[in-house]
Structures are given as C-alpha cells and as structure tokens.
**Q** 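Quick one: the structure is below, questions incoming.
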Amino acid sequence: MTQWTKRWVERALKPIRDRLSDLLRPGRPDTISAEQCCQIMALACEPPEKYGRPITHWSSEELAAEAVKQGIVEKLSASHLRKVLKSKTLQPHRSRYWLNAKPDERKEERIGDVSTLYCEAPNKPDELS
C-alpha cells in the first residue's frame with residue numbers, strides 16, 4: 001500500500017481536502033513572506049542604476065544588499081536570495097536581453113515565414129515520405 005493510499009484510508013472520516021493535504025514537513029519555516037518575495041522580485045526587475053548602483057546587472061550580493069537597505073527584509077544572504085529567485089524562475093542578470101530587445105525591421109516577415117512553414121507542414125509522420 002502506498003503512502004497516499006494509507007493516508008486516504010486513515011483519514012476516511014475527514015473532508016476530502018484534509019484527506020489530500022500533505023503533512024507538515026520538518027525544517028526551518030520560511031523567513032521571507034510572500035509580500036517580501038514580491039517586493040524582492042519587483043526590485044530585481046528594476047535596473048540597478050535606479051538605486052545608485054554603478055552596475056549594469058544585479059548580482060545576488062548587490063540585490064540582497066539593496067533589499068536590506070530598502071527595509072524589505074531585515075537580513076538576506078546572497079545564497080538564500082538565489083534560492084528564492086530560482087524557485088520563481090527569475091534571472092535578473094538576463095533582464096537586459098528581453099527588456100531592451102533591439103527593434104527588428106523584418107519581424108513581421110519572419111513571423112509570416114514561420115507561420116507559413118507550420119501551416120504547410122504535414123500533420124502526420126507518414127505524410128513525410
């Protein structure tokens with residue numbers, strides 16, 4: 001019998017939401033609230049120059065120091081910040097690539113070419129031969 005099956009049987013008289021909920025996990029509870037996490041993510045999306053930092057991209061150390069300086073969190077290590085950002089799939093060091101994309105004069109033409117290619121492609125593998 002699997003762990004979930006065993007729990008389902010043991011909690012037979014409880015509401016379904018309680019029966020499906022996971023048990024509390026051991027370890028230290030989160031020290032960063034959801035609100036603080038949102039504030040840190042918003043800060044990571046801003047250019048460092050806006051806060052007087054002489055850098056072009058946020059590093060973990062710089063971003064953690066700025067979050068503490070602004071009072072978002074009392075203390076924050078760069079390694080913890082990296083874990084938080086990774087869990088949210090946020091990569092502030094790459095923001096320049098998508099925030100400041102160069103204009104493409106042939107964008108519509110390229111989109112049309114790719115769309116035509118997909119529309120004209122065979123739907124089934126046996127149509128390839």
Side-chain angles (χ1 to χ4, degrees):
M1 188 182 300
T2 67
Q3 181 177 6
W4 280 105
T5 307
K6 201 181 324 178
R7 283 187 195 166
W8 184 262
V9 172
E10 289 171 357
R11 301 174 182 181
L13 301 176
K14 295 186 177 185
I16 289 182
R17 186 176 297 259
D18 291 343
R19 291 171 83 179
L20 293 175
S21 66
D22 203 0
L23 298 176
L24 293 176
R25 297 181 184 267
R28 188 174 176 189
D30 285 338
T31 55
I32 298 178
S33 70
E35 182 181 348
Q36 290 170 321
C37 187
C38 288
Q39 291 174 335
I40 291 170
M41 289 191 318
L43 179 63
C45 292
E46 295 288 334
E49 296 94 8
K50 184 176 178 181
Y51 300 97
R53 301 266 176 180
I55 53 176
T56 57
H57 296 78
W58 285 113
S59 68
S60 302
E61 293 78 14
E62 293 277 350
L63 188 56
E66 187 63 32
V68 171
K69 179 181 171 187
Q70 290 197 16
I72 296 172
V73 289
E74 195 172 308
K75 62 181 182 174
L76 179 62
S77 69
S79 61
H80 190 177
L81 175 72
R82 280 191 295 273
K83 289 176 188 174
V84 169
L85 295 179
K86 186 176 182 179
S87 73
K88 307 298 181 199
T89 63
L90 190 64
Q91 299 176 339
H93 60 284
R94 293 188 174 180
S95 65
R96 172 163 279 174
Y97 301 116
W98 60 271
L99 288 177
N100 302 317
K102 295 178 183 172
D104 185 3
E105 296 172 0
R106 297 180 53 209
K107 178 180 175 183
E108 296 299 322
E109 179 186 343
R110 293 175 199 268
I111 291 172
D113 289 345
V114 172
S115 298
T116 303
L117 179 68
Y118 276 107
C119 289
E120 293 175 358
N123 292 329
K124 298 179 183 172
D126 57 320
E127 293 178 19
L128 292 173
S129 35

**Q** Would you name the heavy atoms of L81 and A64 that are closest together and state the gap between them?
**A**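 Closest pair (atom of L81, atom of A64, distance): CD2-N, 3.6 Å.
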**Q** Hey, is the main chain of E46 close enough, under 3.5 Å, to the side chain of W58 for a donor-acceptor pair?
**A**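 Yes; at least one donor-acceptor contact below 3.5 Å.
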**Q** For E10, enumerate each residue passing the salt bridge (Lys or Arg N to Asp or Glu O under 4.0 Å) test, keeping only those at least two apart in sequence or located in another chain.
**A**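 Listed in chain order: nothing, the list is empty.
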**Q** Before giving the answer on side chain to side chain contact (heavy atoms under 4.5 Å, CB included), spell out for T2 and T5 the whole-Å C-alpha distance, their side-chain angles and the decisive distance to 0.1 Å.
**A** CA-CA 5 Å; T2 67; T5 307; 2.6 Å; yes
**Q** Evaluate side chain to side chain contact (heavy atoms under 4.5 Å, CB included) for K69 paired with Y51, printing each intermediate quantity in order.
**A** CA-CA 10 Å; K69 179 181 171 187; Y51 300 97; over 6 Å; no
**Q** Check this for me: E74, atom CD, are more than 12 non-hydrogen atoms of other residues, nucleotides or ligands nearer than 6.0 Å?
**A**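 Result for CD/E74: open.
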**Q** Once you round to the nearest 0.5 Å, how far does NZ of K83 lie from OG of S60?
**A**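 Output value for this atom pair is 12.0 Å.
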**Q** Do L63 and L85 pass the side chain to side chain contact (heavy atoms under 4.5 Å, CB included) test, and can you show the C-alpha distance, the side-chain angles, and the key distance before you say yes or no?
**A** CA-CA 11 Å; L63 188 56; L85 295 179; 3.9 Å; yes
**Q** Can you give me the closest heavy-atom contact between A65 and R53, atom names plus distance?
**A**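 Of all heavy-atom pairs spanning A65 and R53, the closest is C-NH2, 3.7 Å.
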**Q** Identify each donor-acceptor pair in which a side-chain atom of residues 32-42 lies under 3.5 Å from a protein atom, sequence neighbours left out, and give them as a table.
**A**
{"from": "S33", "atom 1": "OG", "to": "Q36", "atom 2": "N", "distance (Å)": "3.2"}
{"from": "S33", "atom 1": "OG", "to": "Q36", "atom 2": "OE1", "distance (Å)": "3.4"}
{"from": "Q36", "atom 1": "OE1", "to": "S33", "atom 2": "N", "distance (Å)": "2.8"}
{"from": "Q36", "atom 1": "NE2", "to": "I72", "atom 2": "O", "distance (Å)": "3.0"}

**Q** Which atoms form the tightest heavy-atom contact between P48 and T56, and what is the distance?
**A**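 Reported closest heavy-atom pair: CD-O, 3.8 Å.
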**Q** Drop me the distance from E66's CD to E61's CD, to the nearest 0.5 angstrom.
**A**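 The distance works out to 14.0 Å.
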**Q** Grab the two heavy atoms, one from I55 and one from E62, that are nearest each other, plus how far apart they are.
**A**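 Nearest pair, atom of I55 first, then E62: CD1-CG, 3.6 Å.
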